[in-house]
Amino acid sequence: MTGATRGIGHAIAVRFAKEGCNVAFCGRARNDKMVAVEEELASIGVKAKGYAADVANYDSAQAFVKDVLADFGKVDILVNNAGITDDAAVKRMTEEQFDRVMHTNLGSVFCMTKAIQPSMWKQGHGSIVNIGSVVGVAGNYNQANYAASKAAILGFSKSCAKEFAARNIRVNVVCPGFIETEMTADIPQDLMNTWCSRIPMKRPGTTDEVAQACVFLASDMCPYITSVMLPVCGGMEDA
Ligand code: NDP
């Protein structure tokens with residue numbers, strides 16, 4: 001999986017490990033955080049290894065998957081979680097801001113899908129879960145670049161689902177809404193209350209609630225589900 005050094009990706013890695021999956025994950029650098037995640041996953045009782053890879057870079061994604069296949073033998077599930085934001089109103093957004101977010105969020109899904117597809121095709125099964133966002137469906141102020149990248153992930157995933165279905169490779173998208181992470185910890189309480197009041201369930205989601213949706217879509221519990229978009233958003237409108 002991509003981007004498990006913190007946030008939602010970290011929760012996904014832990015949840016898959018608790019379900020008994022060996023976990024190969026990446027971040028952009030091998031650092032203390034990556035080693036700590038490796039140790040945490042290993043303590044759950046599975047094989048776990050972190051790799052330094054920029055998954056938005058084609059060659060880096062190819063090398064990452066090659067190393068994982070050499071170390072783990074096969075990959076049954078790919079979770080494309082790595083993603084960034086670089087917010088600005090369209091009036092002020094630079095071309096560089098637009099390109100960087102599109103390149104990282106959409107480009108990484110393309111690069112990783114290209115890299116993993118031959119081995120999944122050969123083994124005749126696989127499950128790919130891409131992390132979108134409700135913002136990709138509903139749009140959002142100051143996030144036109146991010147919303148466009150996440151909307152594009154839906155179209156890309158549905159196309160792959162059609163192309164890969166004959167080889168028993170499923171491709172689905174999980175779209176989180178407002179999720180509590182390290183980043184949201186600094187949001188003032190009154191602003192949190194305002195945002196939560198717009199969510200029918202009146203609270204942010206947890207990272208583990210996103211992770212559980214990923215496990216479901218990746219698992220044998222839904223062998224006939226492909227090409228779906230599953231919002232994890234407490235019933236937010238437009239999702
Ligand atoms: P974080 O910024 O907390 O974590 C992002 C992860 O991705 C990190 O582990 C980071 O690792 C990794 N990463 C980023 N770019 C790259 C890259 N080019 N190559 C390899 N790894 C990379 O994000 P969140 O946990 O908040 O979000 C995770 C996903 O969920 C994203 O796709 C995001 O768009 C989506 N999402 C999040 C929501 C939220 O409320 N938080 C809501 C909806 C969707 P490192 O820094 O070590 O390289």
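Note that these values count all heavy atoms, side chains included, but never hydrogens, waters or copies made by symmetry. In listed order, ligands and their atoms are each counted from 1.
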Q) Any chance the side chains of S157 and N130 put a donor and an acceptor closer than 3.5 Å? A) yes
Q | Close approach of T2 to ligand 1, heavy atoms, under 4.0 angstrom | A | no
Q) Parallel, tilted or perpendicular for F110 and Y58, by the 30°/60° rule? A) tilted
Q: Check ligand 1 against Y146 and write out every atom of the ligand that is under 4.0 Å from a heavy-atom position of the residue.
A: 33 (C), 34 (O), 35 (C), 36 (N), 43 (C), 44 (C)
Q: May I ask you to list the atoms of ligand 1 that are less than 4.0 angstrom from any heavy atom of D54?
A: 17 (C), 18 (N), 19 (N)
Q: Kindly indicate whether the side chain of F64, heavy atoms from C-beta on, has any atom under 4.5 Å from the side chain of M112.
A: yes
(Q) Taking 4.0 angstrom as the limit and counting only heavy atoms of T5, give me the atoms of ligand 1 inside it, by number and element. (A) 8 (C), 9 (O), 10 (C), 11 (O), 45 (P), 47 (O)
(Q) Looking at F72, I'd like to know if the NZ or CZ of K49 sits under 6.0 Å from its six-membered ring centre while staying within 45 degrees of the ring's axis. (A) no
Q | Within 6.0 angstrom of N193 CG, more than 12 heavy atoms from elsewhere | A | yes
**Q.** Options A53, G3, G107, ranked by nearest heavy atom to atom 20 (C) of ligand 1, top entry
**A.** A53
Q | Test of proximity, T104 against ligand 1: N or O pairs below 3.5 Å | A | no
Q: Within a distance under 4.0 Å of any heavy atom of G177, pick out the atoms of ligand 1 and give their elements.
A: 40 (O), 42 (C), 43 (C)
Q: Flag G9 as yes when one of its N or O atoms lies below 3.5 Å from any N or O atom of ligand 1, and as no otherwise.
A: no
Q.
Using only atom types and a distance under 3.5 Å, with no angle test, would you say the side chain of N172 pairs donor to acceptor with the backbone of V129?
A. no
(Q) At less than 4.0 angstrom from any non-hydrogen atom of S133, what atoms of ligand 1 do you find? (A) 43 (C), 44 (C)
Q) For ligand 1, which atoms sit closer than 4.0 Å to a heavy atom of A82? A) 7 (O), 13 (N), 16 (C), 21 (N), 22 (C), 32 (O)
Q. Between G27 and ligand 1, is there a nitrogen or oxygen pair with a distance under 3.5 Å?
A. no
Q: Have a look at E180, K150, R6 and point out the one with the heavy atom closest to atom 4 (O) of ligand 1.
A: R6
Q) More than 12 heavy atoms of other residues, nucleotides or ligands under 6.0 Å from NZ of K114: is that the case? A) no
Q: Decide whether Y51 and D71 meet the rule of one side-chain donor and one side-chain acceptor closer than 3.5 Å.
A: yes
Q | Location of contacts on A4 toward ligand 1, heavy atoms closer than 4.0 Å | A | backbone
Q | Close-contact set for ligand 1 against G132 heavy atoms, below 4.0 Å | A | 44 (C)
